[in-house]
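Working notes for the structure below.
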There are 2 protein chains.
Amino acid sequence: MHPNLTLLRTYALKDPLTLPASILFCHSDRNMTIYDAYPKSMFHFLVLPRASSTSNKLASPETGGGVVSQKRLPLASDLSSLRTLLNSKNVDKQGAKDILTSMKDEGMKMKNEIEREMEKRYGFVWDVWMGFHGAPSMEHLHMHVISSDLVSEKLKHKKHYNSFHPKLGFFLHIDEVLTWFDAESTYYQNMIKHPFSKYEPLLKVPLSCFHCHSEQKNIPTLKKHLQDEWFRLQSQNERKKRKLEVHECSLLNDKVEIKFIVP
Amino acid sequence: MHPNLTLLRTYALKDPLTLPASILFCHSDRNMTIYDAYPKSMFHFLVLPRASSTSNKLASPETGGGVVSQKRLPLASDLSSLRTLLNSKNVDKQGAKDILTSMKDEGMKMKNEIEREMEKRYGFVWDVWMGFHGAPSMEHLHMHVISSDLVSEKLKHKKHYNSFHPKLGFFLHIDEVLTWFDAESTYYQNMIKHPFSKYEPLLKVPLSCFHCHSEQKNIPTLKKHLQDEWFRLQSQNERKKRKLEVHECSLLNDKVEIKFIVP
DNA sequence: TATTCCGATAGTGAC
DNA sequence: GTCACTATCGGAATGAG
């Protein structure tokens with residue numbers, strides 16, 4: 001396994017504060033949130049559960065104040081992926097649900113941060129998705145917290161796009177995953193056994209816009225279209241805001257004359 | 001059909017002298033020889049048979065002194081390709097053989113020119129191939145006259161290389177084609193019916209050096225190897241020449257001492 | 001489904 | 001099998017105690 005695919009695991013195992021500030025966004029006892037090195041949307045973060053190694057080498061107090069409740073952290077080997085976690089013999093169903101719930105909580109905080117930043121930078125707020133890839137390649141469980149635009153220079157390939165398409169089935173929304181725990185046992189057993197090979201073909205299906213379902217014939221075309229869709233969202237929002245302002249204005253003064261047509 | 005694929009036919013139909021000097025090399029009553037616009041070897045020419053059109057528009061004397069014996073020229077429609085010629089209802093077997101023989105004669109003259117130029121520029125002579133592509137794309141019968149090196153900037157793709165590989169079967173040597181006429185009738189009938197679809201797959205076979213049969217894993221590697229093979233030919237030839245010189249020297253003076261090792 | 005680099009492959013448009 | 005252009009697809013390497 002190449003280091004790039006396991007690098008983050010080494011940080012999940014020790015003090016997150018050893019991560020450069022340019023990578024680590026924040027952390028808690030159980031999770032850490034990092035900037036995705038190759039953001040596929042205007043906002044893109046990863047939430048990773050912290051882990052203990054099977055050896056005790058990294059569990060000593062010298063590793064820093066960031067390591068808390070080391071004994072309660074799951075083993076790294078059980079956190080390779082969602083599949084590994086849900087099929088672990090060391091972590092029971094409730095334990096798995098706890099881990100995912102704490103990741104969701106961490107993600108919700110991140111989502112709030114993102115929304116504040118959306119408002120500040122762009123004057124409006126759009127959706128934020130949270131979830132997992134059905135067939136991840138990086139060797140440590142990670143939940144994507146990603147704004148719903150997929151407008152990014154780093155989005156270059158069909159598999160990049162399809163892996164985040166919110167209705168395709170490759171991207172597993174955290175809320176969807178959590179419903180598995182409350183479903184019938186057979187359904188739960190079914191979902192947690194899904195092999196990667198079931199998800200892989202989804203990455204090769206034709207490019208369809210997640211906003212309007214139009215089919216796009218290639219990546220450059222899709223990227224222009226996604227940018228346009230985002231501009232449309234932004235201007236729609238500005239229209240709404242203007243209407244609100246006009247409405248407020250009307251309340252103050254019934255005789256105000258509207259001299260412009262909202263475009 | 002794109003102009004590029006029929007352009008030369010228009011010249012084959014009228015006075016070759018209307019062709020720019022940078023394209024036309026020479027011509028006779030029955031054939032014209034042109035520079036290949038995208039030479040796949042150090043020397044690369046095309047021999048095209050001249051034709052008359054079905055209409056009389058282009059047969060008038062005003063088209064220039066180059067048009068001779070217009071009545072005896074084959075129809076352009078019978079000269080689309082080797083296959084067309086050999087299956088034509090207007091040209092009998094002997095007529096087809098005549099056309100091909102005259103093309104060969106023209107090619108042999110070209111070959112002599114090339115060999116003079118090889119000697120002049122590079123100090124030695126290597127082989128020149130003459131023949132047809134099993135599945136040509138240009139819409140007028142053309143015989144390639146091409147030096148046996150395949151060293152050229154314009155050789156860029158696998159299909160370029162394989163289409164000239166002298167032992168693959170896609171490149172039909174003129175002498176091979178002429179033997180069809182003297183073979184049994186069933187063999188002749190068999191060869192002239194070969195559809196393009198029989199030749200196409202040959203263009204996709206792995207790259208093997210026509211000198212040493214070594215397999216080359218991609219085009220850049222093959223091109224370096226072909227260049228090396230050509231350098232080897234050249235230096236082999238220089239060694240032979242030096243030996244000759246040494247031998248002549250020995251004849252003149254038995255006591256001459258050879259002070260250098262031929263590399 | 002980490003990226004990047006290289007090269008092969010596929011589709012198109014060319015006037 | 002015309003070229004040139006664009007884009008996709010496919011493999012291999014990748015860092016570094």
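Treat the numbers as computed from the prediction; the structure is a model and nothing was measured. All values below were derived from every heavy atom in this structure, side-chain atoms included, with hydrogens, water molecules and symmetry-related copies excluded. Below, chains carry the letters A, B, ... as their sequence lines are ordered, and counting in each starts from 1.
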Cationic N near anionic O, under 4.0 Å, A:K154 to A:D36: no

Between C:dT4 (C1') and A:H157 (NE2): distance, integer Å: 8 Å

Distance, rounded to the nearest Å, where A:K224 contributes NZ and D:dT6 contributes P: 11 Å

If the condition is side-chain contact (heavy atoms from CB on, under 4.5 Å), which residues does A:P206 pass it with, not counting sequence neighbours? A:E215

Between B:H160 (NE2) and D:dA4 (P), how many Å, whole number? 9 Å

How does protein reach along nucleotides 8-17 of chain D, written 5' to 3' as B (base within reach of a heavy atom under 4.0 Å), S (only sugar-phosphate), or - (no contact)? S-S---BB--

For B:L155 and C:dG7, give me the distance from atom CG to atom C1', rounded to whole Å. 15 Å

Remember a base hit wins even if backbone is also touched, and classify B:Y38 as base, sugar-phosphate or nothing at under 4.0 Å, heavy atoms. sugar-phosphate

Parallel, tilted or perpendicular: which fits the ring planes of A:F25 and A:F45, with parallel below 30° and perpendicular above 60°? perpendicular

Measure up the B:F171 and B:F164 rings against each other and bin them: parallel (under 30°), tilted (30 to 60°), perpendicular (over 60°). tilted

Rounded to whole Å, CD of B:E215 lies from C1' of C:dA8 at a distance of 15 Å

Whole-Å distance separating the CG atom of A:L7 from the P atom of C:dT3: 14 Å

Helical stems, DNA chain C - three or more consecutive Watson-Crick or G-U wobble pairs below 3.5 Å: C:2-14 with D:2-14

When all nucleic acid strands are considered with a 4.0 Å heavy-atom cut-off, which category describes B:F196: base, sugar-phosphate, or nothing? nothing

Rounded interatomic separation in angstrom, taking CG from B:N162 and C1' from C:dT9: 15 Å

Integer angstrom distance from the P of C:dT3 to that of D:dG17: 24 Å

